[in-house]
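Have a look at the structure below before the remarks.
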There are 2 protein chains.
Amino acid sequence: MNTKDLAYFDRLIKLKNFSQVAAEFGVTQPTITTAIKRLEADFGAKLVLRDRVHNDLTVTASGQQLTIHAAAILRKLDLAHQEITHLTQQRTVLGLPPIIENHYFPRVAAHLQERGMLENIETLEGGSVQLRNALRDGQVDLALLGSTEPLSYKTLVAEEFDRQPFNIFVSAAHPLAKRKRIYFSELRREKFVLFNNSFIHDTAFNQLARRNHFRPDVVFRARDTHIIMNLVAENVGVTYLTGLVDQHRNDVVRLELLDDEQPEFISSIAYRSSHVLTPAQEQVLAVLRGTLED
Amino acid sequence: MNTKDLAYFDRLIKLKNFSQVAAEFGVTQPTITTAIKRLEADFGAKLVLRDRVHNDLTVTASGQQLTIHAAAILRKLDLAHQEITHLTQQRTVLGLPPIIENHYFPRVAAHLQERGMLENIETLEGGSVQLRNALRDGQVDLALLGSTEPLSYKTLVAEEFDRQPFNIFVSAAHPLAKRKRIYFSELRREKFVLFNNSFIHDTAFNQLARRNHFRPDVVFRARDTHIIMNLVAENVGVTYLTGLVDQHRNDVVRLELLDDEQPEFISSIAYRSSHVLTPAQEQVLAVLRGTLED
DNA sequence: TAGTCGTTATAAAAATAATTTATAATGGGT
DNA sequence: ACCCATTATAAATTATTTTTATAACGACTA
């Protein structure tokens with residue numbers, strides 16, 4: 001059976017129009033008609049009902065079933081292509097969320113540099129959720145990921161290497177600046193400047209807010225810690241970040257949270273369990289482990 | 001790309017011999033040679049190294065990578081075939097572990113009978129582990145499964161409908177027969193007759209034994225509760241089973257276990273999350289829920 | 001050391017399969 | 001009644017896969 005037919009079918013289910021599918025693939029319309037007929041013969045079942053009256057196309061139960069599997073098969077095939085391409089090239093694509101990149105990557109990069117391995121590494125930045133998808137889809141070979149729960153996905157191997165509490169940062173000019181420790185509930189009246197919600201900080205923050213039964217006033221969201229820190233310094237609001245962010249500034253003060261059962265920022269090295277690592281990738285992995293897991 | 005090529009490749013990796021693969025598929029040897037070449041061209045990488053000197057075939061990293069995905073793709077394709085075949089037929093294959101079959105199925109069957117649905121149901125018996133695989137592989141559409149932990153597999157939907165403690169059964173002639181409750185540790189000197197280890201009873205039993213720091217003396221294993229009960233009645237040993245088994249005999253006595261944190265026998269209705277149920281299967285599911293979950 | 005065996009590779013021919021071209025069929029809208 | 005946007009069908013064409021026949025390679029053996 002030809003996977004091209006599955007691709008045609010997959011698009012047909014979405015577009016519900018034979019001619020459009022044909023146009024998308026740059027083939028003629030009868031090609032699609034015959035491809036679907038081939039599949040129907042192969043599976044011994046009608047997959048779609050062509051209702052030319054209402055210009056509509058209904059997917060049968062068998063068709064729905066095949067849709068699910070066809071999508072999975074095409075995804076796997078695509079993954080195989082990408083992975084093998086990466087394997088034959090020297091390159092390793094490393095996914096890094098910005099906080100981890102700022103805090104841990106300089107040390108890793110130094111070690112990679114020593115071994116002359118840095119130039120074969122390409123980094124991809126993004127939130128942990130986005131990177132997890134990129135990892136799954138083969139765009140990334142190895143990633144450092146942040147999470148609030150230990151990562152456990154059947155498709156991923158994750159090795160935890162650090163846990164950090166979240167902290168509150170306030171302007172040095174803020175009344176709370178003289179405190180060292182604080183309960184989250186004391187922040188009920190504060191304005192917050194937070195990370196963009198594609199980051200797990202948001203998950204952690206929401207958990208904590210829910211447990212404390214209030215809805216914090218979030219006045220701004222940014223995707224960069226420096227912007228957040230600048231806003232905090234200007235007393236636009238307070239923020240909730242891991243202690244990993246740059247603390248070497250004297251206009252911002254870090255406060256520890258006293259709450260029980262706080263979410264933690266868990267950092268892990270992750271890669272696909274189905275992925276065969278190249279020797280180069282194994283070496284990168286070894287450097288990551290050596291640098292981060294000691 | 002033709003999935004036939006993946007099938008050829010998959011077998012080649014196992015057999016490591018082009019001619020044998022050709023023979024298995026009933027094609028000639030050059031067919032395999034060209035199929036592998038096609039794949040190598042398609043993925044832009046050598047997949048196997050033909051070492052005719054040592055009559056050996058080495059799989060490259062790319063080849064290993066493809067092996068993993070090819071197997072998954074072929075499995076999915078096979079699953080799609082099986083599921084669609086079941087969909088187009090009226091039949092529902094229901095997996096039942098023997099204990100659940102004995103205890104719950106009569107009630108379910110009565111309800112199915114009332115609705116004239118019983119004749120379209122085929123049952124497959126087996127241990128919970130075996131049935132979980134059959135479910136995954138598409139040989140079974142719906143299953144009732146026993147487990148000691150709540151079932152959570154990404155590929156399965158599981159709905160728990162009952163929990164039962166495990167009990168100890170002893171012969172009416174046994175010194176312990178006058179007791180109502182007992183600690184597992186008191187059974188240190190007993191001989192055990194147990195279920196075959198493809199059943200989860202074994203998992204539960206081992207847990208309990210480990211927690212009590214002793215290695216029980218298992219004198220016999222059977223795959224049928226009646227045989228076990230007969231052996232217990234004859235005082236060959238005592239057994240460890242759920243209270244679900246037939247208790248209407250006066251030559252065997254049931255004792256409750258007093259241990260904290262005992263394993264429980266969790267019964268669930270399960271089906272593949274990727275499976276589109278036929279109306280008939282939905283009806284069977286509704287009857288199962290109606291009968292078991294009230 | 002020539003002959004045979006068990007391998008995989010190659011090239012041309014044959015067989016099979018997929019796609020296009022051209023056209024039909026269907027029903028809705030104008 | 002005619003046009004438009006559909007999908008289906010059949011024949012012709014093109015592409016792909018498989019077979020046939022044979023080569024090449026090295027190990028083993030008489």
Side-chain angles (χ1 to χ4, degrees), chain A residues 1-60 62-64 66-67 70 73-74 77 81, chain B residues 1-60 62-64 66-67 70 73-74 77 81:
Chain A
M1 209 208 52
N2 207 308
T3 55
K4 225 192 282 178
D5 288 358
L6 292 179
Y8 294 158
F9 177 73
D10 183 64
R11 286 307 287 159
L12 178 63
I13 298 305
K14 263 144 215 152
L15 295 176
K16 298 197 183 299
N17 180 310
F18 284 63
S19 313
Q20 283 178 37
V21 174
E24 270 201 12
F25 283 95
V27 296
T28 59
Q29 167 265 310
T31 302
I32 308 304
T33 301
T34 50
I36 301 304
K37 279 179 109 171
R38 264 197 302 275
L39 288 178
E40 291 186 327
D42 187 19
F43 286 98
K46 272 255 163 296
L47 298 173
V48 291
L49 301 172
R50 294 82 158 168
D51 180 0
R52 285 197 276 174
V53 180
H54 305 92
N55 227 1
D56 196 33
L57 185 139
T58 333
V59 185
T60 65
S62 301
Q64 285 175 33
L66 186 59
T67 306
I73 288 170
L74 293 170
L77 206 56
H81 267 106
Chain B
M1 210 206 55
N2 207 311
T3 55
K4 227 191 281 179
D5 288 357
L6 292 178
Y8 294 158
F9 177 72
D10 182 63
R11 286 307 288 159
L12 178 63
I13 297 307
K14 261 142 218 156
L15 295 176
K16 299 199 183 299
N17 180 308
F18 284 63
S19 314
Q20 281 179 38
V21 174
E24 271 202 11
F25 283 95
V27 295
T28 59
Q29 168 265 310
T31 302
I32 309 303
T33 301
T34 51
I36 302 304
K37 281 180 109 171
R38 265 197 302 274
L39 288 178
E40 291 186 327
D42 186 19
F43 286 98
K46 272 256 163 296
L47 298 173
V48 291
L49 302 173
R50 294 83 159 166
D51 180 0
R52 284 197 277 173
V53 180
H54 305 91
N55 226 3
D56 196 32
L57 185 139
T58 333
V59 185
T60 66
S62 301
Q64 283 175 34
L66 186 59
T67 307
I73 288 170
L74 294 170
L77 206 55
H81 268 107

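Predicted, not measured: the structure shown is a model, and the values here were computed from it. Chain naming here is simple, since letters A, B, ... match the order of the sequence lines and numbering starts at 1 in each.
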Contact under 4.0 Å: A/Tyr8 side-chain N or O vs C/dT19 OP1/OP2
yes

Which whole-number value in Å describes the distance from A/Leu39 CG to C/dA17 C1'?
14 Å

First of B/Gln20 and B/Lys37 reached from the 5' end of DNA chain C, by closest nucleotide:
B/Gln20

Any side-chain to backbone donor/acceptor pair from B/Thr3 onto A/Met1? Under 3.5 Å, distance only.
yes

What distance separates A/Lys37 NZ from A/Lys46 NZ, expressed to the nearest 0.5 Å?
8.0 Å

Can you list the steps and then say if A/Thr60 with A/Leu49 is a side-chain contact (heavy atoms from CB on, under 4.5 Å)?
CA-CA 7 Å; A/Thr60 65; A/Leu49 301 172; 3.9 Å; yes

Check against side-chain contact (heavy atoms from CB on, under 4.5 Å), B/Leu39 and B/Phe43
CA-CA 6 Å; B/Leu39 288 178; B/Phe43 286 98; 4.2 Å; yes

Does a nitrogen or oxygen in the side chain of A/Ser19 sit under 4.0 Å from OP1 or OP2 of D/dT7?
yes

Is there a side-chain polar atom (N or O) of A/Arg38 under 4.0 Å from OP1 or OP2 of C/dA18?
yes

Testing C/dT20, C/dA9, D/dT7 for proximity to the side chain of A/Thr31, the answer is C/dT20

Indicate, with a heavy-atom threshold strictly under 4.0 Å, whether B/Phe25 touches base, sugar-phosphate, or nothing.
nothing

Taking only N and O in the side chain of B/Asn17, is any of them less than 4.0 Å away from OP1 or OP2 of C/dT8?
yes

Does A/Thr34 or B/Asp5 map to a spot on DNA chain D nearer the 5' end, using the closest nucleotide for each?
A/Thr34

Under 4.0 Å between a side-chain N/O of A/Thr28 and OP1 or OP2 of C/dT20, yes or no?
yes

DNA chain D: 5'-proximal contact among B/Gln29 and B/Ala35 (nearest heavy atom)
B/Ala35

A/Phe18 CZ to C/dT26 C1': how many Å, rounded?
15 Å

Rounded to the Å, how far apart are A/Leu49 CG and D/dT6 P?
19 Å

Could you give the NZ-to-P distance, from A/Lys4 to C/dA17, as a whole number of Å?
15 Å

Most 5' of A/Asn2 and A/Pro30 on DNA chain C, judged by nearest nucleotide:
A/Asn2

Going through the checks in order, is the side-chain contact (heavy atoms from CB on, under 4.5 Å) test met by B/Ile13 and B/Val48?
CA-CA 8 Å; B/Ile13 297 307; B/Val48 291; 3.9 Å; yes

Check whether any side-chain nitrogen or oxygen of B/Arg50 sits under 4.0 Å from OP1 or OP2 of D/dG26, and answer yes or no.
no

What is the distance, to the nearest angstrom, from the CD1 atom on B/Ile36 to the P atom on C/dT7?
17 Å

From CE of A/Met1 over to P of C/dA18, roughly how many Å is that when rounded to an integer?
11 Å

Could you give the NZ-to-C1' distance, from A/Lys16 to D/dT7, as a whole number of Å?
16 Å

